[in-house]
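Below, each value reflects all heavy atoms present in this structure, side chains not excepted, and no hydrogens, waters or symmetry copies.
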Amino acid sequence: AALWLNWQFATPSHSRDWGPLYAVQPTVEVTDGDYVIENVRNWDNGPEGQTSPEWITALLDPDLLTRVWFIEEPFGDMRAIAHTMLAFEFADGSAYVASVEARREVGEGFGGLKAGILPMHEYLVYWTTERDMYGNSTFFTGDDLHHFPLDLPPDAARAVLEGMIAETEELETTPRWYNTFFTNCTNVLARAVNSVAEAAVPWDLAWYLPGYAAEFLYDQGLVAGEGTFEEARANGHVSPRVVSAYGIEDPVAFSRAIRD
C-alpha cells in the first residue's frame with residue numbers, strides 16, 4: 001500500500017536541475033500536415049567525448065517517410081535487458097530517432113529496478129539525429145546497436161510516426177513518471193502506436209522485457225527481409241558502420257552512409 005501511495009501522491013515535474021543530455025525538452029508544432037520538432041538533439045558524441053552540444057529544428061513530412069526502423073541496444077549479457085528506439089527515415093536521406101528515456105538530474109544515475117518500485121524519474125520522448133544517438137551508444141556507453149527495417153505499408157508507417165508525435169506533444173504539458181516495468185522504452189512506444197492504430201502492436205511479454213522486443217516484431221512478420229531472426233539481427237548490426245562513418249559531420253550524409 002505504501003508503494004502504491006508513493007506513485008499516487010508523488011508529482012512528476014519538468015522543472016528540475018536536469019543533466020546536460022536531458023536538459024532541453026523537444027516540442028512539436030503541426031503545420032500544414034508536417035511536423036516541426038524543436039530541440040532535436042544533434043551532439044557530437046565521438047571517441048573524443050561528448051562535444052559540440054547542439055539542438056536543431058527538424059521538419060518531418062509524413063508523405064516523405066520511406067522507412068521506420070526498430071533499434072535494439074542490448075545491455076550486457078542478459079538477453080532480456082535492452083534499450084529500444086525507433087528511427088524514421090525520409091526520402092532525402094535524413095533520419096531521426098525517437099527514444100523514450102528516463103530523464104535524469106545532474107549527478108543522478110539510472111534507477112534500474114528501483115525505478116520500477118519508486119517514482120524516481122520522469123520520462124520524455126527524446127528526438128535526435130542518428131549521428132547523435134548512435135554515437136552516444138557506440139562511443140559513450142559502449143553498447144552495440146542493431147537496426148531492424150520494419151515491413152509496414154505507408155499508412156501504418158505514418159501511424160507509427162503520428163503516435164510518437166502525439167506522445168511528444170502530450171508530454172510538453174503533462175509530465176509523467178518512468179517505470180522500469182510499466183512505462184519503459186518499449187511499452188510506451190507500443191501504446192503510442194496503438195493510440196492511433198488500435199491493436200497494431202499486440203500485448204506480449206516483450207513489452208516489459210525490451211531485450212525480446214525485436215524478436216517479437218520478427219515473429220509478428222513486421223521485420224523486412226528474408227532469413228532467420230538471428231540472420232536479421234546480424235545483418236542489422238550497425239555499430240561497425242557507425243564507427244566507420246562517424247567522421248561524416250553532416251547528419252543526413254551520416255544516415256545515408258550507415259545504410260550504403
Side-chain angles (χ1 to χ4, degrees), residues 1-10 12 22 68-87 97-104 108-127 133 136-137 141 143-148 150-152 156 159-164 166-168 170-171 174-223 229-230 232-233 236:
L3 293 177
W4 181 82
L5 289 173
N6 273 324
W7 290 97
Q8 295 303 308
F9 291 103
Y22 309 98
V68 182
W69 298 75
F70 186 80
I71 301 103
E72 173 192 76
E73 181 180 353
F75 297 149
D77 297 326
M78 187 175 293
R79 174 69 189 282
I81 301 176
H83 181 55
T84 61
M85 302 171 271
L86 294 173
V97 178
S99 176
V100 174
E101 299 187 19
R103 199 175 189 186
R104 277 156 269 179
E108 183 182 34
F110 176 54
L113 292 177
K114 190 175 179 182
I117 300 171
L118 297 172
M120 296 181 62
H121 310 292
E122 288 82 0
Y123 78 86
L124 284 182
V125 178
Y126 285 95
W127 290 84
M133 184 62 74
N136 181 71
S137 299
T141 61
D143 297 321
D144 272 341
L145 290 171
H146 299 268
H147 240 195
F148 297 89
L150 297 184
D151 187 9
L152 300 173
V160 174
L161 176 60
E162 181 185 348
M164 295 314 300
E167 182 75 13
T168 305
E170 290 176 17
L171 288 168
T174 310
R176 295 172 180 160
W177 289 117
Y178 177 91
N179 182 291
T180 305
F181 306 110
F182 303 113
T183 317
N184 64 29
C185 61
T186 300
N187 54 50
V188 170
L189 298 180
R191 291 190 190 105
V193 173
N194 286 348
S195 71
V196 295
E198 187 175 353
V201 184
W203 181 89
D204 187 81
L205 187 62
W207 284 35
Y208 308 103
L209 299 174
Y212 297 111
E215 188 168 11
F216 162 71
L217 293 175
Y218 174 87
D219 290 341
Q220 294 292 311
L222 295 175
V223 173
F229 172 71
E230 288 72 20
R233 194 169 187 267

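Atom OG of Ser195 sits about 7.5 Å away from atom CD of Glu167, to the nearest 0.5 Å. Met133 CE to Ile71 CD1: the interatomic distance, rounded to the nearest 0.5 Å, is 8.5 Å. Here Arg103 contributes atom CZ and Glu122 contributes atom CD; the two are 8.0 Å apart, rounded to the nearest 0.5 Å. The distance from atom CZ of Phe182 to atom CH2 of Trp7, rounded to the nearest 0.5 Å, is 9.5 Å. The distance from the OG1 atom of Thr84 to the CG atom of Leu189 is 5.0 Å, given to the nearest 0.5 Å. The CD atom of Glu215 sits 9.0 Å away from the CZ atom of Phe148 when rounded to the nearest 0.5 Å.
Looking at every heavy atom in both residues, Leu222 comes nearest to Leu152 through CD2-CD2, 4.1 Å. Looking at every heavy atom in both residues, Gly211 comes nearest to Glu72 through O-OE2, 3.5 Å. The two residues Ala80 and Tyr212 have their closest heavy-atom pair at CB-CE1, 3.5 Å. For the residue pair Ala214 and Val223, the shortest heavy atom distance occurs at O-CG2, 4.3 Å. Between Leu150 and Phe70 the shortest heavy-atom distance is CD2-CB, 3.9 Å. In this structure, Tyr22 and Ala102 approach most closely via the heavy-atom pair CE2-O, 3.7 Å.
The backbone N or O of Gly116 sits less than 3.5 Å from a side-chain atom of Asn179, completing a donor-acceptor pair. For His121 (side chain) and Tyr178 (main-chain N/O), no donor-acceptor pair under 3.5 Å exists by modelled atom type. Judged by distance alone, the side chain of Ser137 and the main-chain N or O of Asp143 form no donor-acceptor pair under 3.5 Å. Remark: the backbone N or O of Asn187 is paired with a side-chain donor or acceptor of Asn184 at under 3.5 angstrom.
Side-chain atoms of Trp203 and Tyr208, non-hydrogen and from C-beta on, do get closer than 4.5 Å to each other. With contacts defined as side-chain heavy-atom distances shorter than 4.5 Å, the pair Val201/Trp207 qualifies. Taking the side chain as every heavy atom from C-beta outward, Leu171 and Tyr123 approach each other to under 4.5 Å. Here the side chains of His83 and Glu101 are in contact, with some heavy-atom distance below 4.5 Å. The shortest distance between side-chain heavy atoms of Glu73 and Thr141 falls below 4.5 Å. At least one side-chain heavy atom of Val125 sits less than 4.5 Å from a side-chain heavy atom of Val100. Counting heavy atoms from C-beta on, the side chains of Trp127 and Met164 come closer than 4.5 Å.
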Using the rule given for side chain to side chain contact (heavy atoms under 4.5 Å, CB included), can you reason through Trp177 versus Met120, listing the C-alpha separation, both sets of side-chain angles and the distance that settles it, and then say yes or no? CA-CA 8 Å; Trp177 289 117; Met120 296 181 62; over 6 Å; no
Output, in order, the C-alpha distance, side-chain angles, deciding distance and verdict of side chain to side chain contact (heavy atoms under 4.5 Å, CB included) for Met85 and Leu145. CA-CA 10 Å; Met85 302 171 271; Leu145 290 171; 4.2 Å; yes
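A 6.0 Å sphere centred on CG of Leu205 holds more than 12 heavy atoms belonging to other residues, nucleotides or ligands.
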